[in-house]
Amino acid sequence: MRDPIGTPMLETINVARHFDVSRPLVQRVLAREGRRSLKAVDGISFAIEKGTTLSLVGESGCGKSTVARLVVGLYGPTFGSVIFDGQDLSQARADSSQRRRMQMIFQDPYASLNPRWRVRDIIAEPIRAFGLMKDKAEIGAKVAELLTQVGLSPLDGQKFPHEFSGGQRQRISIARALSSNPEFLVCDEPTSALDVSVQAQILNLMKDLQQRLGLTYLFISHNLAVVRQVSDRVGVMYLGRLVELAPAETLFTTARHPYTRALMEAIPDLEMTGRQRIPVGGEVPSPINPPSGCPFHPRCPLADARCKAERPEMIPARGTPETMVACHAVEEGRDRVGEPLVAAGG
Amino acid sequence: MAQMNAIQRALDSDIWYSFTRSPITVASAIVALICVGGAVLAPWIAPHNPFDLASLQLMDAFKPPAWEADGDPNYLLGTDDQGRDVLSAIMYGARVSLLVGFCAVLLSVSIGITAGLAAGYMGGTVDAVLMRIADIKLTFPTILIALLIDGVVRAALPREVHDQIALYVVIFAIGISNWPSFARTVRGSTLVERNKEYVQAARVIGLSRARIMVTHVLPNVLGPVLVIATLNLGFAVLAEATLSFLGVGVPPTQPSLGTLIRIGNDFLFSGEWWITIFPGIALILLVLSVNLLGDWLRDALNPKLR
Amino acid sequence: MTAPLLEVRNLRVEFPTRRGTLVALNDVSFSIAQGEVLGVVGESGAGKSMTGAAIIGLLEPPGRIAGGEILLNGRRIDNLPYSELRKLRGREIGAIFQDPLTTLNPLYTVGAQLIETMVTHLPLNPAQARAKAIEWLELVGIPAASQRIDSYPHEFSGGMRQRVVIALALCAEPKLIVADEPTTALDVSIQAQVIALLKSLAREKGTSMMLVTHDMGVIAETADRVAVMYAGRIVEIGAVRNVVRHASHPYSAGLMGSIPPVGRRLDRMQQIDGSMPRLSAIPPGCAYNPRCPKVFDRCRVERPELMPAGDSLAACWLYAEGAPRHA
């Protein structure tokens with residue numbers, strides 16, 4: 001089912017990525033087992049309107065980083081398709097004038113910059129690779145401008161990455177991403193390796209840049225509080241599938257899926273209201289052997305026989321039709337909105 | 001100005017610091033420098049030219065080292081059966097040994113890096129095939145392969161042609177047998193680097209695999225290669241000496257340290273010990289100092305051991 | 001008030017390097033009472049983990065304690081010989097680290113490790129210790145503990161492994177637990193479980209805890225008091241409610257302010273400009289002065305010590321006599 005919004009910058013239609021995690025042939029034959037595949041992303045659809053931010057949240061192993069890599073073409077989809085500005089991604093990737101329109105910001109600022117390169121060469125790499133400028137002085141001026149734009153000094157260009165702190169490196173990473181004048185940025189946990197005071201700097205910078213340059217973001221994060229600050233729409237992932245997709249305000253005021261509600265519950269309470277948290281019980285099952293039916297049913301306080309047997313599809317939620325949710329309980333109206341959920345097995 | 005900074009940075013670096021803090025390393029470096037310097041500059045600083053037949057005096061044959069009773073101060077380390085100065089012969093011999101060693105290592109490094117990068121970065125079938133070839137290669141001892149290659153070349157070519165290209169045959173034989181160690185190391189480091197995000201960033205831009213391998217991965221896997229290359233230089237010099245000692249190495253017209261040891265070996269039991277012992281000592285000093293430098297380099301470049 | 005269980009006085013930790021000695025911890029003083037949970041927060045490199053490591057005697061060389069003292073129950077423990085220190089660890093001080101795999105030996109079953117710890121430190125024979133080990137695994141919420149006791153660490157998931165580590169840290173019934181980022185490696189939903197568990201166990205057994213983390217949310221929920229560290233020093237220490245809601249030191253206030261709230265969307269997040277100085281380049285005066293919005297002349301020349309600031313202690317000249325009145 002397609003995601004109903006305005007002009008999409010990017011759209012995924014039932015996209016999936018499975019990884020072959022079988023053991024080597026000889027061992028497999030000896031143990032008499034078949035091939036095994038890990039369904040990192042198992043058929044998800046969403047669309048991002050131009051100039052807005054869509055965030056994907058979820059715990060480790062839910063497939064959100066794999067989605068990021070599918071979207072920029074680091075992985076090809078096992079099935080389904082990714083549409084970038086009306087064009088299939090495989091075609092868009094083949095054309096460098098299209099490719100330069102999307103860039104990625106990575107999680108680990110210590111691994112995402114080549115330690116042997118000077119900062120000015122790191123930032124200029126996309127400019128050179130796409131042949132946007134040829135003249136050395138012109139490239140130098142552009143690099144200086146980019147460094148200034150992300151809050152660094154043009155003189156920093158001649159240094160090596162190890163001379164910078166984590167936050168400064170993430171600024172360099174952003175400068176590199178911006179150097180090919182992209183319209184769409186995929187941000188894979190861009191602040192999760194940073195200290196909280198630096199995180200605020202980077203998020204503010206990203207917001208400023210979005211406003212100034214009209215960028216579209218796909219933002220990947222496990223931190224709901226961060227997601228709330230940056231997103232227009234939010235998708236919640238669990239075991240390779242989207243379980244809820246809604247405008248940010250709706251999601252944070254009226255979360256519908258029991259998993260989303262559990263995630264909200266799990267956030268430590270900084271306002272110190274004395275509210276007791278009710279942790280969701282159990283752990284995320286292995287994506288190699290996902291549970292039958294709804295993947296969340298073993299941990300869900302609302303699960304019943306139908307949840308164990310039948311996989312729910314994303315449909316508009318009762319009461320908040322702007323929310324798409326994959327939950328039988330919500331569909332049947334037995335999700336007790338407004339009451340705390342008592343977790344199973346906790 | 002920029003150059004000044006580069007020198008200051010080098011002197012300020014951790015490598016230089018760890019170098020100055022290790023007396024054995026400093027001693028090895030001095031010894032290695034003397035060996036290499038003596039070899040490279042032999043035509044200008046050697047006291048005699050052992051290959052200038054006109055200057056050879058049969059009268060001066062079998063002179064013991066200068067400090068022995070019959071010694072001649074003209075010949076510091078004595079002379080051999082043809083009246084050649086042993087010191088000069090060693091200097092010229094080390095030249096050949098080092099030439100073979102350097103070239104062989106260069107060959108190993110080139111093959112090893114290419115194979116290792118390709119195997120590590122591309123993975124899959126390329127990786128499997130290249131690494132199985134390397135495994136098979138490792139089951140044959142270096143000397144055996146060298147003997148084999150030498151034998152084939154000798155059988156296939158007339159003697160005079162063979163003598164002309166013997167040096168290259170030795171370099172090829174030694175170089176070809178050492179590449180798997182480089183390939184494996186480079187492959188291992190490449191597997192690590194390949195998954196780092198800076199490589200993914202380059203892939204997002206759409207750079208070709210070859211370009212990513214050369215401009216991004218290669219500079220980051222060279223550290224361990226440098227270490228193994230240094231250690232391998234010692235092995236290569238030894239391998240060449242072994243081959244020459246067995247008589248299948250470089251032609252006698254261009255004696256290496258190994259050739260000198262073999263020639264001298266005939267006189268060892270007739271009392272003219274210096275003809276073989278001094279080239280032997282030179283070989284030991286050269287290989288030992290190079291290996292110690294390699295060990296130090298390995299430790300200095302490995303942050304875990306620091 | 002009774003004597004504190006742990007008392008740290010003017011602790012100084014140095015790292016000699018060839019470019020001079022780096023002072024990683026400078027004049028750090030605090031105490032933890034019986035049954036109290038002290039949270040230690042700060043950015044990476046502020047010295048919070050190092051404080052924990054100094055207390056359990058696991059400073060990584062060449063780091064060394066260069067001054068001050070650490071007292072446990074009134075007895076100095078910073079200068080003990082290695083053998084004494086080993087007895088102390090486990091028996092009196094338990095440690096929980098961020099990565100459970102560094103604490104658990106992969107070659108032994110979790111049962112064997114629990115039993116060994118208990119037999120070493122408690123008057124128990126192996127059979128009793130095994131029964132006790134099963135009890136502990138049940139207590140930390142490991143299902144089917146009597147079977148899982150013979151499993152190896154790698155057979156547990158990350159969250160379960162951290163539960164085993166907690167059992168291991170607590171099983172010898174130490175008086176103090178030093179927990180260094182115990183939940184950072186875990187997923188949000190698992191984090192909540194582990195925090196709840198730690199809290200209830202510490203309360204039940206009357207154990208004191210030093211909880212080192214960068215996650216203010218975890219501190220707010222778990223700690224009684226909190227110490228905020230910056231560039232190797234404590235800049236503020238006080239009851240957690242005071243520090244979280246009415247931070248006195250401008251740095252603590254900035255730190256609290258830059259945490260994004262989940263309850264509402266801000267147009268612009270509060271940020272602290274710049275970054276923490278490297279240990280080799282700590283500015284004179286107050287280390288925070290180049291980033292501080294309330295800086296005045298005295299901050300640039302004279303280093304403030306902890307002084308009363310409201311109900312907390314803060315190392316800030318705003319709370320000294322004669323300070324400008326924008327405190």
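Lettering of chains follows the sequences in order, A, B, ..., and the numbering in each one begins at 1.
- Between the CD atom of B/E193 and the CG atom of A/N114 there is a distance of 8.0 Å, given to the nearest 0.5 Å.
- Looking at A/L74, the atoms closer than 4.5 Å to chain B (heavy atoms on both sides) sit in the backbone and in the side chain alike.
- Between the side chain of A/R93 and the backbone N or O of B/V204, at least one donor-acceptor pair lies under 3.5 Å.
- The heavy-atom pair separating A/P115 from B/Y198 by the smallest distance is CD-CE2, 4.2 Å.
- Here the straight-line distance linking atom CZ of B/R211 with atom CD of A/E125 works out to 6.5 Å at 0.5 Å rounding.
- Heavy atoms of other residues, nucleotides or ligands lying less than 6.0 angstrom from CZ of A/R28 number more than 12.
- Around the CZ atom of B/F19, the shell of radius 6.0 Å holds more than 12 heavy atoms that belong to other residues, nucleotides or ligands.
- A donor-acceptor distance shorter than 3.5 angstrom exists from the side chain of A/R99 to the backbone of B/I205, with no hydrogens or angles considered.
- Heavy-atom distances place no part of A/R100 under 4.5 Å from chain B, backbone and side chain included.
- No more than 12 heavy-atom neighbours from other residues, nucleotides or ligands sit within 6.0 angstrom of CD1 on B/I24.
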Please evaluate residues B/L222 and A/R116 with respect to the criterion side-chain contact (heavy atoms from CB on, under 4.5 Å), reporting the C-alpha separation (whole Å), side-chain torsions for both, the decisive distance (0.1 Å), and the verdict. CA-CA 11 Å; B/L222 279 183; A/R116 308 269 166 185; over 6 Å; no
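- Looking at A/Y110, neither its backbone nor its side chain comes within 4.5 Å of chain B, counting heavy atoms on both sides.
- The greatest number of non-hydrogen atom pairs below 4.5 Å with chain B, out of A/D108, A/V72, A/V186, is found for A/D108.
- Shown here is A/Q87, whose CD atom has more than 12 heavy atoms of other residues, nucleotides or ligands within 6.0 Å.
- Under the 4.5 Å side-chain criterion, counting only non-hydrogen atoms from C-beta, A/W117 is in contact with B/T215.
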